[in-house]
Amino acid sequence: MELTGAEIFVRCLQEEGVEFLFGYPGGAVLHIYDALYQQDKVKHILVRHEQAATHAADGYARSTGRPGCVLVTSGPGATNAVTGIATAYMDSIPMVVFTGQVPTALIGNDAFQEVDNIGITRPCVKHNFLVKDVHDLAETIKKAFYVATTGRPGPVVVDIPKDVSAHRCEYSYPKRVSMRSYNPVVKGHSGQIKKAVDLIMTAKRPMLYTGGGVILDNASKPLTEFARLMNFPITNTLMGLGAYPATDPLFVGMLGMHGTYEANMGMHNCDVLIAIGARFDDRVTGNIEKFCPTAKIIHVDVDPASISKNVKVDVPIVGGVDNVLKQMIKMVKDSNERPDPEALKEWWKQINEWRGMDCLKFDRTSEIIKPQYVVETLYRITKGDAYVTSDVGQHQMWAAQFYKFDKPRRWINSGGLGTMGFGFPAAMGVQLAHPDETVCCITGEGSIQMCIQELSTCRQYALPVKIINLNNRYLGMVRQWQEFFYQKRYAMSYMESLPDFVKLAESYGHAGMKIEKPGDVEGALIEAMKVRDRVVFLDFITDQHENVYPMIPAGAGQNEMILI
Amino acid sequence: MRHIISILVENEAGALSRVAGLFSARGYNIESLTVAPTEDPSLSRMTIVTTGTESIIEQITKQLNKLIDVVKLMDMTEGPHIEREMLLMKVIAKNSMREELKRVTDIFRGRIIDVTDASYIIELTGPGAKLDAFIQAVDPALILEVVRSGVSGIARGDKTLRL
């Protein structure tokens, strides 16, 4: 049967089981919108800015493991989407972004709403395609989903000129697709895994350091089994939180710039470091010259280019995290050897001493609301079972430190790119995917204003996202750095003329609450959780001068933390 | 250290910019880059000459392999290989200089492929270093134009870069 390119597009998305398509219409994609209008399988969510479409699709993907889908028009539609594409790229999130393009005959002519989408997105996508012929459309879409979701996942852009969506051809959707130049390794090399297990058996001060790769590969179960089997301390990166239950005694908290004392000291003093699905980011390692000076390092990653990129490792293992962990567990179970139990006991004693420092303590007697207290109370009220998105800054770190995630895919934040404005639209994607769950966006008055227009989208689709605004009237993280490293010269980190967030929320038909006393925090949160048909904007007026501790200053080693 | 990296890429629009973009985005050096289709029209072969420490070269090869358009890669410098580059040079060739230029060209086993009453075009093929030496040997005042093709490389013996 002959179909138009637009009809083929819609059929392909249906075949892929796409539930939600986040987008915004425009000239170059009108044929496609017309085809979408005439079906009801793929639900289109109309955002208020294309950046939000990509973040919402991203939030959907992070919380479900399925690829997020976006449709935007050419020119400014595509450029607005770039921030969201780059955000997904840095965190390896599977996403397929369809951009409209001017008709093929006009490409290169500086036509109305023309930009070189392929050129602009090239450095921040896993791959991108320009479809020049309607005959290639179905196969290209199949390839796009295949590339986005396999190996190390990532965003893929498909650029569709307007005439391609109008042309007709025979439609059939390929069942599977193979690409000679793309064959990601899944199974880890058993020889390398054996080497790793042998090294692990010699460990006296082992440390498990795991990242977002564990969540992406749905490997929380084998990770938990492995850690418990070995009785090893485990730390998660910002991206890896939830991969291992945070309330488990083996868990020593997040590591890195604002990680716990015990996690960072454990890293610095360990003799065997087992890095799994983590990429030795500079916010984790601190000064690379001082990183893990006494450790032999094992690194498991699906992306060979991640291995020995920042830190030279002793036992590299390329493979899917889930596959490698399962092989490791089997080898350990089949072996009679175990690491020296006496040494491990000593090591735990040391770690518990570090733990005793209570590095996350804060003033609980304050008359002013402490941001940490808000997050802690939210954790208690939601029984640790909410989906929590965040923006970027101090509130993000407090959320990571004080909300104890026991399950994967519950903690959703822009770790790599650090995109302010991410949290709220991401929460919309999460809420759509999980309509009956509690979804909270922990944010600040700086970040929330970067995508505040999505209050309108939430109204249209009755999304009951809870906005937890930690309002300190400062760009807090900037202010903190200025306080520590720029002699308190607070350049542009104070925001005057903030809106009345309560009235703003109400003007969109949502609920707003302003909370100014510590005694009102719990009640407000309990009240907010009851609302199921609209956003509740909780504007917490918090301590302006609170800082995030502990902190590894730039250029310092993991053992050189600033403690409160 | 200097490395010659050869890659087979899908002969598709944009493949070259992906490779070139990777080098500029990650701050790697490119000394030269050549590209042309192979006997299989669906594949192009690129030869990239780059410099860097061992760990940088390792990253370059890994990052290149990661590009979806890259089908296969070989670092020529890891084994015995042959490197060739072609140079075309237009020189002022008048009076007594004509004989001298002819002699230098012969010494380097080059050829004069175009002659006017005032100029020569010299063609010379060899490893990059030989071309450098030739340029050094010619009086700079006589050189009107130099065009170099960039390096091509191929492994010696049984080793091949093919699908």
Within 6.0 angstrom of [X] [atom1], more than 12 heavy atoms from elsewhere:
X        : atom1 : value
B/Lys159 : NZ    : yes
A/Lys195 : NZ    : no
A/Arg283 : CZ    : no
A/Asn109 : CG    : yes
A/Lys296 : NZ    : no
B/Ile92  : CD1   : yes
A/Lys142 : NZ    : yes
A/Lys290 : NZ    : yes

Quiz item: Is chain B contacted by the side chain of A/Asn128, its backbone, both, or neither, given a heavy-atom distance below 4.5 Å?
Solution: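 For A/Asn128, the contact with chain B is made by backbone and side chain together.
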
Quiz item: So, A/Ser181 side chain and B/Ile68 main chain: donor-acceptor pair closer than 3.5 Å or not?
Solution: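 Pair found, side chain donor or acceptor close to backbone of B/Ile68.
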
Quiz item: CD1 of A/Ile307 to CD of B/Gln59: how many Å apart, nearest 0.5 Å?
Solution: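 Reported value, rounded in 0.5 Å steps: 10.5 Å.
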
Against chain A, label [X] side chain, backbone, both or neither, depending on which of its atoms sit under 4.5 Å from a heavy atom there.
X       : answer
B/Ser24 : neither
B/Ser17 : both
B/Ile56 : neither

Practice problem: Using a strict 4.0 Å threshold on nitrogen-to-oxygen distance, state whether B/Glu10 and A/Arg180 make a salt bridge. | Solution: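 Yes.
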
Exercise. Determine, for B/Glu58 against A/Lys312, whether the closest basic-nitrogen to carboxylate-oxygen distance falls under 4.0 angstrom.
Key: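 A salt bridge links B/Glu58 with A/Lys312.
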
Quiz prompt | From CA spacing to verdict: side chain to side chain contact (heavy atoms under 4.5 Å, CB included), A/Lys126, B/Leu67 | solution = CA-CA 8 Å; A/Lys126 186 169 172 189; B/Leu67 292 177; over 6 Å; no

Exercise. Measure across B/Gln63 and A/Ala305 and return the closest heavy-atom pair with its distance rounded to 0.1 Å.
Key: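 Heavy atoms of B/Gln63 and A/Ala305 come nearest at NE2-CB, 3.6 Å.
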
Practice problem: Sort out for me which of B/Asp69, B/Thr61, B/Asn65 touches chain A most, counting heavy-atom pairs under 4.5 Å. | Solution: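 Highest number of pairs under 4.5 Å: B/Asp69.
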
Quiz item: Run the side chain to side chain contact (heavy atoms under 4.5 Å, CB included) check on B/Lys62 and A/Lys309 step by step: do they pass?
Solution: CA-CA 10 Å; B/Lys62 282 175 169 177; A/Lys309 183 173 73 177; over 6 Å; no

